[in-house]
Structure formats: structure tokens, C-alpha cells
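Presented below is the structure to which this report refers.
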Amino acid sequence: MEGFEEEENDNGASFRRYRAVDLIIWTFIAGVFEAIVTLAASSWFPNELYCLSVTIAVVSIVMMRWGGFAAIQAVVGGAVYSFLLAGSDVEKIVVYCVGNCFMMLGLVLLKIVGKEKLRANYMLTAVYALLMYLLAQMGRWIVSLFFGGEVGELFGFLLTDVVTLLFTIVVVLISRVPDGLFEDQKHYIIRTDNERRRSDGQDYL
């Protein structure tokens, strides 16, 4: 993204293109990997109580990178997961797609704590991943109530997805290691551009 600050003169078109491409890639990751994991689990372990989903981990990372745009991956991941497990059951699709969107409440934590502070502290990162998991499960449960679900089903959502919780925390923590992966992308571009300018011996603000 060399000369990114100058490219902003064309109304941020370069940044929007970068964001669009990045979101498409992450949407592809959410859909394809959710499909692979769901099909593998249902084929290899059809009688197991526990299940695994990659959507919450993907949404957690994308929300750090792009904020509310992570709703795209939340819906896509929920749609793929519910369709592969229950076919064209509209109720299941709505429960997972709309329920997953409750993860957008995680933006409140990012706003209160600050993305950089949360990214730099592994304990805060783990708490963030846990919160995203709880929001997804609470969202699915709340939506299921509109379809006649039972109050006690909340424990079912939480217990059957405990493997997903562990997976989410581990993946989000690991995502802190590669430079720029678990980072607000506008901040990342400005930071790397300033680092490049310093290495070139240029003045920067």
C-alpha cells in the first residue's frame, strides 16, 4: 500500500478496493472452511454431541480488521452451517444467521477497551473471543425462542459448541502472531507506511 496517504486523495477508492477484496477473501474462508468442517464432522462423528464451527473465530478476526462488516461472514457462516446440518429448514437458517449477528455487540467491547489495547494483551484477546462465543450462542437461543424454543435450550447451545469455544480462543490468540492479521486495517496500513518512511529516512507525521 505504498503512498497510501496520497491515494486517499481520490476519495479513498484504493482503501475501499482493498477492503472489498479482503472481505471477499474472508467471506470465502468462512463459507468454504465452515462447509469442510461441518461435512467432515457430520460424516466422521455423526453420533457425537459436540460440534465444531469456524464462523465465530472468523468473525472475531474480521471484526478486529473491519468492524461491523464482520456481519457478512456471520451470516454466510451461519447459512452454510445450518444448511449442511438441516437442509432447507428455514427455522434453522434464521436461527443461525440472525443469531450470529448478535456477535456485532462485540463492537462495544472493542470501542470501550480500544482495538490496540485488546490486540496487545493476550488475556483481553481471550476474553474477547469468549465474549464473541457467548454472544453467538445467546443470539441463536434468543432467535430460537421466537420459533417456540425452550428457555432451557440455552444450555444445549452452550454445551454442544464447547469445542467451538476452545477452537475460537486458540485461533484468535494465534492470529495475534502474524503481523497485521489481528489488527484494524486502517491502523495497520498507516503503521506500516510510517515504518517504511522511517526506514527510507523520510519525515512523517
Side-chain angles (χ1 to χ4, degrees), residues 22-23 25-42 44-45 48-82 84-85 92 95-113 115 117-144 153-178 180-185:
D22 195 66
L23 288 171
I25 292 172
W26 281 102
T27 302
F28 178 81
I29 291 173
V32 171
F33 279 84
E34 190 67 70
I36 292 173
V37 170
T38 302
L39 288 173
S42 60
W44 297 339
F45 311 104
E48 290 297 322
L49 173 65
Y50 301 103
C51 53
L52 173 63
S53 170
V54 304
T55 298
I56 300 176
V58 170
V59 172
S60 299
I61 295 171
V62 176
M63 185 178 291
M64 171 61 76
R65 293 170 70 86
W66 300 113
F69 286 99
I72 299 170
Q73 291 74 35
V75 171
V76 169
V80 171
Y81 181 80
S82 55
L84 291 177
L85 286 183
K92 292 294 184 184
V95 165
Y96 279 90
C97 289
V98 178
N100 281 354
C101 288
F102 276 66
M103 285 188 280
M104 296 307 102
L105 293 173
L107 290 168
V108 177
L109 177 64
L110 294 180
K111 181 68 174 179
I112 293 174
V113 176
K115 285 186 175 183
K117 182 177 179 180
L118 188 146
R119 182 176 72 91
N121 187 299
Y122 76 93
M123 284 299 295
L124 287 176
T125 301
V127 169
Y128 167 67
L130 172 61
L131 175 64
M132 294 291 280
Y133 169 81
L134 293 175
L135 287 172
Q137 303 306 333
M138 288 289 293
R140 296 166 184 173
W141 171 67
I142 290 172
V143 177
S144 73
E153 289 181 353
L154 173 61
F155 297 102
F157 279 107
L158 293 172
L159 293 176
T160 57
D161 262 2
V162 66
V163 176
T164 296
L165 170 60
L166 297 175
F167 175 83
T168 300
I169 292 176
V170 170
V171 169
V172 173
L173 286 174
I174 291 175
S175 73
R176 297 169 67 249
V177 179
L181 179 58
F182 189 65
E183 182 175 358
D184 179 88
Q185 290 304 282

Side-chain touch [X]/[Y], heavy atoms, less than 4.5 angstrom:
X: Leu110; Y: Tyr128; answer: yes
X: Met132; Y: Val59; answer: yes
X: Phe182; Y: Val171; answer: no
X: Asp22; Y: Arg65; answer: yes

Q) Between Pro178 and Ser175, which heavy-atom pair has the shortest distance, and what is it? A) CD-O, 3.5 Å
Sidechain-backbone polar pair: [X] side chain, [Y] backbone, donor-acceptor under 3.5 Å:
X: Gln73; Y: Leu23; answer: yes
X: Thr38; Y: Ala35; answer: no
X: Gln137; Y: Leu135; answer: no

Listed pairs under 3.5 Å, donor-acceptor, residues 99-107 side chains, sequence neighbours left out:
| residue | atom | partner | partner atom | Å |
| --- | --- | --- | --- | --- |
| Asn100 | OD1 | Arg140 | NE | 2.9 |
| Asn100 | OD1 | Arg140 | NH2 | 2.8 |
| Asn100 | ND2 | Ala74 | O | 3.0 |
| Asn100 | ND2 | Tyr96 | O | 3.2 |

Roughly how far, to the nearest 0.5 Å, is the [atom2] atom of [Y] from the [atom1] atom of [X]?
X: Ile29; Y: Ile25; atom1: CD1; atom2: CD1; answer: 7.0 Å
X: Ile56; Y: Leu134; atom1: CD1; atom2: CG; answer: 9.0 Å
X: Leu165; Y: Leu52; atom1: CG; atom2: CG; answer: 11.5 Å
X: Thr164; Y: Ile169; atom1: OG1; atom2: CD1; answer: 11.0 Å

Q.
Please determine whether side chain to side chain contact (heavy atoms under 4.5 Å, CB included) holds for the pair Trp26 and Ile61, giving the CA-CA distance in whole Å, both sets of side-chain angles, and the decisive distance to 0.1 Å.
A. CA-CA 9 Å; Trp26 281 102; Ile61 295 171; 3.7 Å; yes
Q: Can you sort out the partners of Thr125 under side chain to side chain donor-acceptor pair (under 3.5 Å), two or more places apart, ordered by chain and number?
A: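 Thr125 satisfies side chain to side chain donor-acceptor pair (under 3.5 Å) with Arg176 once adjacent residues are dropped.
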Q.
Checking Glu34 against Ser53: is there a side-chain donor and acceptor pair closer than 3.5 Å?
A.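 Yes, a side-chain donor-acceptor pair sits under 3.5 Å.
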Q) Is atom NZ of Lys115 surrounded by more than 12 heavy atoms (other residues, nucleotides or ligands) closer than 6.0 Å? A)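 Result for NZ/Lys115: enclosed.
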(Q) Which residues pass the ring-ring contact (aromatic ring centres under 6.0 Å, His included) test with Trp66, not counting sequence neighbours? (A) Phe15, Tyr18
